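Chain identifiers are assigned alphabetically (A, B, ...) following the order of the sequence lines, protein sequences preceding nucleic acid strands; residue numbering begins at 1 within each chain. Computed from a predicted structure; not experimentally measured.
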Amino acid sequence: MFNKRESSTAADEASAETAGEHRLGAHGGDSKPVRDIPPASGERRGAAVIGPSIHIEGDLRGEEDLVIEGEVKGTVKLKSNSVTIGARGKVAADVYAHTIYVEGSMKGDLFAAERISIRKNAQVRGNITSPRVSLEDGAHFKGSIEMDAESEALKSAFGDTRQKAAAARPAAQSETAKTAANNQPGQAAGAAPSAKPGGEAGKSSGNEAGKNPDRKASTA
Amino acid sequence: MPARSGESAPAGPEGLKAPLFGGLMARVREGGRWVVLDLGASRSGNIELFSSLRCRLDIADLASALDLVNADVADGDPGYGIEAVLPPARGEAVDLVLCWDLLNYLARPSLQALTARLAARARPGMRVHALIAYAEPKMPARPSVFSAYGPERLRHRVLDERRVDAPRYAPKQLLQLMPGFEVERALLLGNGMQEYVFRFIGPAGGED
């Protein structure tokens, strides 16, 4: 049912319709190849592929990257991996992943712990929750984009995953800071670069009182 | 991005300077969580601008539903079409509304209905940043696309070269159609459009 993108031999595709829960594993796919899948910049080698003739209804879970070129209805949960909805993919589901790339048609809510990228031909109707979101002009999107990394929606969707990632991060950051300090004497180690010319670096913490200009004026 | 057929190219590499928008973005960058309602279509520049901030960005794409919204007036229920277009409030009040080149394209009852719906989901002191064609008696037949190009500049694409009469709302006329709002600031931009910041002062017109 799930094909590895790295498979290269062509063969006839069998149409399949399945229902229920579908679990992807490290060796979870059969070997039926898929032809003519356009490459997506977000996909990784070895990603499982749901081919254009495949229709799935139900919950889809797993621990490997996934490319959807067929139709999926239900829920997709690959919280530690990337999901690519290819140009021929049609998804009517809530999707949870580490990173999500959309090139095809998507109806439902998207949750990504790291990033969501909407390509120019994508059609997306639903809500997006991710700390980083990009959208190419030409894409059609209507809904809400929750980009607040401290939002409850993101915490509730990825609480455990993000905590584990955060716990693993300090050691790596420490090494980066040491390298930066060694390479740039005079600059504070770990100092974040400015995101925009003249802009401030990073995000402000929750200063709700400072947000509303009226509230701020009243306290000044 | 290359211009599509029937579209004009973006206005200059630097874009159009919009000082009032720049002032609002400076406030957003000061911190805290902001709920921003963009009444226009999804645009890469806007999403890029807000994606570095603590924001929820709601995209309504009102321009694509103008026929529905204005036809609604004839049915005698001008609020229904507007409500159908706006994304769900999701339990949070709105801090900032982006309304770029749309007000001129709404029939007066629709504009009043939009104002009422915005007021219903407004946080006290909510701002509406609006761009309205004002100087010229004619305007494009469809709303043009404006996209943020940095924190105080906008890019502009005309989608329809046909020209129609512009309502040329004066500030007083707008305020009559927008009860509960006041004009905080207004500027005439380099392209002849009026840049407004409206401030929500409450349905009764009182201070928050």
Side-chain angles (χ1 to χ4, degrees), chain A residues 102 109 112 115-120 122-154 192-218 220, chain B residues 1 4 23-38 41-62 64-65 85-90 92-93 95-96 123-127 145 147 150-152 155 157 184 199-201 207-208:
Chain A
V102 184
D109 294 344
R115 162 178 284 276
I116 293 175
S117 179
I118 312 292
R119 302 277 161 71
K120 64 180 179 181
Q123 306 270 343
V124 180
R125 190 168 183 114
N127 301 313
I128 288 174
T129 302
S130 176
R132 294 180 188 82
V133 178
S134 64
L135 176 143
E136 293 180 4
D137 283 330
H140 289 275
F141 170 77
K142 187 176 167 72
S144 293
I145 305 177
E146 178 60 78
M147 295 182 272
D148 183 356
E150 298 170 38
S151 72
E152 284 304 314
L154 197 61
S194 178
K196 296 188 272 286
E200 62 186 19
K203 295 178 181 178
S204 303
S205 59
N207 175 19
E208 292 293 330
K211 174 176 68 173
N212 188 315
D214 291 341
R215 281 181 237 156
K216 188 166 189 180
S218 65
Chain B
M1 191 176 73
R4 291 183 220 159
L24 289 169
M25 286 309 301
R27 291 175 184 169
V28 176
R29 286 198 305 275
E30 282 175 6
R33 176 175 167 79
W34 284 69
V35 176
V36 181
L37 172 58
D38 185 351
S42 57
R43 287 147 295 182
S44 61
N46 291 19
I47 290 171
E48 186 180 341
L49 183 63
F50 286 102
S51 69
S52 60
L53 303 167
R54 285 195 60 202
C55 284
R56 190 185 99 196
L57 178 62
D58 291 353
I59 296 173
D61 198 3
L62 183 60
S64 69
V85 167
L86 297 179
R90 304 175 79 188
E92 270 191 295
D95 300 290
L96 174 63
R123 192 186 299 278
M126 178 186 80
R127 270 33 177 209
V145 173
S147 177
E152 63 172 9
R155 281 192 158 173
R157 272 191 299 135
E184 185 173 71
R199 177 170 169 265
F200 179 63
I201 54 175
E207 288 296 314
D208 47 288

Answer key: most heavy-atom pairs under 4.5 Å with chain A among B:Ala60, B:Ala26, B:Gly45, B:Pro88 is B:Ala60
Given a strict heavy-atom distance threshold of 4.5 Å, which part of A:Ala153 is in contact with chain B: side chain, backbone, both, or neither? neither
May I ask you to name which of B:Ser64, B:Ser147, B:Cys55 has the most heavy-atom pairs under 4.5 Å with chain A? B:Cys55
Is any side-chain N of the basic residue among B:Arg33 and A:Asp148 closer than 4.0 Å to the acidic one's carboxylate O? yes
Contact part of B:Val36 toward chain A, heavy-atom cut-off under 4.5 Å: side chain, backbone, both or neither? neither
Nearest heavy atoms of B:Leu37 and B:Pro87, plus distance in Å: CD1-CD, 4.0 Å
Sub-4.5 Å side-chain heavy-atom contact between B:Leu53 and A:Met147: no
Using 4.0 Å as the upper bound for N to carboxylate O, is an ion pair formed by B:Arg90 and B:Asp58? no
